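Presented below is the structure to which this report refers.
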Amino acid sequence: MAKLGVNVDHVATVRQARGINEPDPVTAAALAELAGAEGITVHLREDRRHIQDRDVEILRQTVKTRLNLEMAATDEMVGIALKVQPDMVTLVPEKREELTTEGGLDVVRYRPILKKHIDLLRQGGLVVSLFVDPDIEQIKMAHRLGVEYVEIHTGTYCEARRSEDRKAELAKIGTAIRAGRKLGLGINAGHGLNYQNVQAVVALGGIEEYNIGHSIISRAVLVGLERAVREMAALVREG
Ligand code: PXP
């Protein structure tokens, strides 16, 4: 059965918008685990726009399931990962100007630089995953680079508007899963998955873990709003 890893970056985004200490992604991670999440994912970006170093350090001590650290393949991030020792490191592409991770890492193009960082991470005892598009050449190269896992980028499938495009993207994901498994890779998937589009991917089978963030945090805001307003209204009335 597939597992759910919850990405709590968006809780940190709300906190950073105010520059104060709430809502705390560490608390959100604990609640996600209590609700059945089998992993917690955070993306420590180079510009620290949401998750902070302090979050990663505390999560390492408090996460009871598995901590997956998403990061760019840079010397700074490799140093942090070796120090923090997450249960998995997922290498992702990162450009400062993007709103979120846009597409998979081009492991064919960036093979030499990735090789250096992957080797350092693996020598440090870490399990490494590469976030890649559902493309056979990328999967084959990930395997050649010696990683244990790939995370298949589902964003293009999620963004497809026409049903034939969605079907074509889903077929690519299915082919990538089969190719990866044949090579002995563990397969994770994520990006853009929501309450409407995840089941078709689950039906493909073969995926170990889904890393899902935005749709879960968005839903939490809405399903939690009524209670939050009721509680504040009571305080205002009684006050
Ligand atoms: N997987 C990776 C590699 C990501 O970069 C992200 C976004 O941070 C996710 C999964 C989660 O994507 P979403 O927030 O769209 O669920």
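Indexing begins at 1, ligand by ligand and atom by atom, following the structure's order. Keep in mind that this is a model prediction, so the values were computed, not measured.
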Original post:
Which ligand 1 atoms, with their elements, are less than 4.0 angstrom from a heavy-atom of V92?
Top reply: 3 (C)
Subject >> Close-contact set for ligand 1 against H214 heavy atoms, below 4.0 Å >> reply: 13 (P), 14 (O), 16 (O)
Original post:
Should one rank I212, N7, N188 by closest heavy-atom distance to atom 8 (O) of ligand 1, which comes out on top?
Top reply: N7
**OP:** Provide the number and element of each atom of ligand 1 under 4.0 Å from a heavy atom of N211.
**Re:** 10 (C), 11 (C)
Original post:
Would one find an N or O of E151, backbone or side chain, under 3.5 Å from an N or O of ligand 1?
Top reply: yes
Original post:
Below 4.0 angstrom, N of the basic side chain to O of the carboxylate: do R49 and D9 qualify?
Top reply: no
Original post:
So which residues get pulled into V127's cluster when ILVMFWY side chains under 4.5 Å apart are joined, directly or through others?
Top reply: M88, Y149
Original post:
Hey, does T90 sit under 4.0 Å from ligand 1 if you only count heavy atoms?
Top reply: no
Subject >> Carboxylate-amine/guanidinium contact K140 D135, below 4.0 Å >> reply: no
Original post:
Would you say G213 and ligand 1 have an N/O pair spaced under 3.5 Å apart?
Top reply: yes
Subject >> Pairwise distance NZ(K64) to OG1(T62) - rounded to 0.5 angstrom >> reply: 6.5 Å
Subject >> Region of H10 that comes within reach of ligand 1 [heavy atoms, distance under 4.0 Å] >> reply: side chain
Subject >> Backbone or side-chain N or O of H43 under 3.5 Å from ligand 1 N or O >> reply: no
Subject >> Lys/Arg-Asp/Glu bridge criterion (N-O < 4.0 Å) met for D24, R54 >> reply: yes
Original post:
What do you reckon, does G192 put a non-hydrogen atom under 4.0 Å from ligand 1?
Top reply: yes
**OP:** Salt-bridge test for E169 and K172: reply yes if a basic N is under 4.0 Å from a carboxylate O, no otherwise.
**Re:** yes
Subject >> Salt-bridge contact R111-E137 (side-chain N to carboxylate O under 4.0 Å) >> reply: no
